[in-house]
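Read the numbers this way: they start at 1 and go in the same order the structure lists the ligands and their atoms. As the structure is a computational prediction, the values presented were derived from the model and not from experiment.
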Amino acid sequence: MHERNCVQFLIFLHMDVSTFETMVTKTEQSRIDQLDQNNIQFGKLYSDHMLVAYYEDGAWKQPQIMPYGNLSLSPATSFIHYGQAIFEGVKAYKDPEGNPAIFRPYENFKRFNRSAHRIGMPDVPEEIFIDGMRELISLDRDWIPTADQTSLYIRPFMMAVDDFIGIKPTTKFMFMIISSPAGPYYADPVSIYVDDRYVRAFPGGVGFTKAAGNYGASMFPMTQVRKMGYDQILWMDGIEHKYVQEIGTMNVFFVLGDTIVTPGLSDTILEGVTRDSVITLLKDNGYNVEERDLSIDEIVDAYHAGNLKEAFGAGTAASIAPIRALTYKGEKLELPPIDSWTISPWIRTELNDIRYGRKEDVHGWLYRF
Ligand SMILES: *Cc1c(COP(=O)(O)O)cnc(C)c1O
């Protein structure tokens with residue numbers, strides 16, 4: 001009797017695991033001929049397939065890859081009302097021989113589940129997030145562009161899909177992955193407004209997650225700043241409005257004298273994969289890097305002393321975005337001419353050489369498939 005129970009248990013386990021095998025329905029009509037390699041407009045075109053997985057009754061169901069298409073949802077679907085939704089941003093690249101690779105997807109996988117935990121959503125298993133992503137991008141590998149500095153942007157996301165407008169812990173979730181070709185990002189140096197009024201994140205809040213609401217809440221300040229002629233906001237801490245945090249949706253680095261300073265991690269800062277890659281490469285190459293509290297006053301003082309040498313944002317979308325000026329309380333801090341910079345261009349080239357397989361991947365950051 002005991003033995004039989006064990007066998008049944010094993011069979012049950014086996015069935016449970018096998019449900020993560022992705023069911024694939026291929027498109028009958030690829031749209032790949034709509035992709036103009038020389039004129040890629042980010043977010044205009046999505047690859048042929050998408051991945052969808054449902055969570056219900058306390059368990060993930062079999063993920064499915066199917067032709068990219070619209071969703072049909074009840075107007076009472078909970079995330080639409082209460083914003084219980086999270087996302088990730090990952091990129092796939094091709095090396096000079098055309099072999100595809102995804103850059104550090106396990107970091108996004110771990111961060112996604114940190115976001116999921118804080119927003120009250122179930123963990124997504126590796127078999128769905130990583131294996132599903134690999135299967136999807138493998139199927140749509142022709143959508144990874146090959147022209148210089150192009151990539152395929154991969155967007156995993158999850159939302160609460162209970163068909164109920166009462167506020168209560170959700171029980172049904174939907175995880176999806178879509179992807180969109182991204183053109184070369186010519187990082188025009190950005191002009192930054194240092195915001196001492198609006199705040200992106202608070203201690204105890206959700207700033208360290210890629211929760212949808214964080215981005216919704218930044219739209220108004222962003223629009224105001226754009227109207228004033230700036231490209232991005234440098235957010236400061238929510239309590240003293242004094243310590244710098246991030247720019248827009250990028251982590252931020254300042255070169256002060258011969259030291260590179262970036263705000264230390266906390267629950268108000270998104271732990272960027274690019275940030276980590278930049279810090280690792282800088283340290284590998286003997287640069288002084290400090291992760292610590294950095295006040296706007298320290299930056300203004302460094303500027304007046306001629307020590308503010310370079311500043312840049314770092315994120316998957318833009319890679320490295322040089323900052324040409326910062327405006328704080330009416331004073332415009334103009335950085336030295338970009339062509340005199342050494343560190344930001346070096347780190348940008350270094351990162352790209354690894355991503356595009358032109359340089360040895362000593363840290364094992366490329367996930368090949
Ligand atoms: C996504 C994001 C970043 C950058 O993270 P990467 O993993 O490097 O793309 C930084 N700050 C915010 C607020 C973000 O949403």
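- Aromatic ring pairs are classed by plane angle as parallel below 30°, tilted from 30° to 60° and perpendicular above 60°; the pair Y93 and Y356 is perpendicular.
- Pairs passing the ring-ring contact (aromatic ring centres under 6.0 Å, His included) check and including a residue from residues 245-288, sequence neighbours excluded, read F253-F312, Y287-W346.
- The other residues sharing a hydrophobic cluster with V199 are F202, where clustering joins ILVMFWY side chains under 4.5 Å apart.
- For atom 9 (O) of ligand 1, the closest non-hydrogen atom of the protein is T316 OG1, 2.6 Å.
- Residue, atom and distance of the protein heavy atom nearest to atom 3 (C) of ligand 1 are T249 O, 3.2 Å.
- Seen from the ring of F369, R134 does not count as a face-on cation partner, given the 6.0 Å and 45° thresholds.
- With a 4.0 Å heavy-atom cut-off, ligand 1 is reached by the side chain of R200 but not by its N, CA, C or O.
- Here the heavy atom of the protein found nearest to atom 14 (C) of ligand 1 is K210 NZ, 2.9 Å.
- Considering only non-hydrogen protein atoms, atom 15 (O) of ligand 1 sits nearest to Y215 OH, 2.4 Å.
- Hydrophobic clustering, with ILVMFWY side chains joined whenever heavy atoms are under 4.5 angstrom apart, groups I177 together with L139.
- Note: an N/O pair closer than 3.5 Å links R111 and ligand 1 by distance alone.
- Looking from atom 11 (N) of ligand 1 to the surrounding protein, the closest heavy atom is E246 OE1, 2.4 Å.
- Of the N or O atoms in V273, one or more lie within a sub-3.5 Å distance of an N or O in ligand 1.
- Here the options are V90, D276, L366, the test is side chain to side chain contact (heavy atoms under 4.5 Å, CB included), and the partner is R104; only D276 passes.
- Atom 5 (O) of ligand 1 has its closest protein heavy atom at G272 CA, 3.4 Å.
- No side-chain heavy atom of M176 sits less than 4.5 Å from a side-chain heavy atom of R155.
- With respect to atom 8 (O) of ligand 1, the closest heavy atom belonging to the protein is T274 OG1, 2.6 Å.
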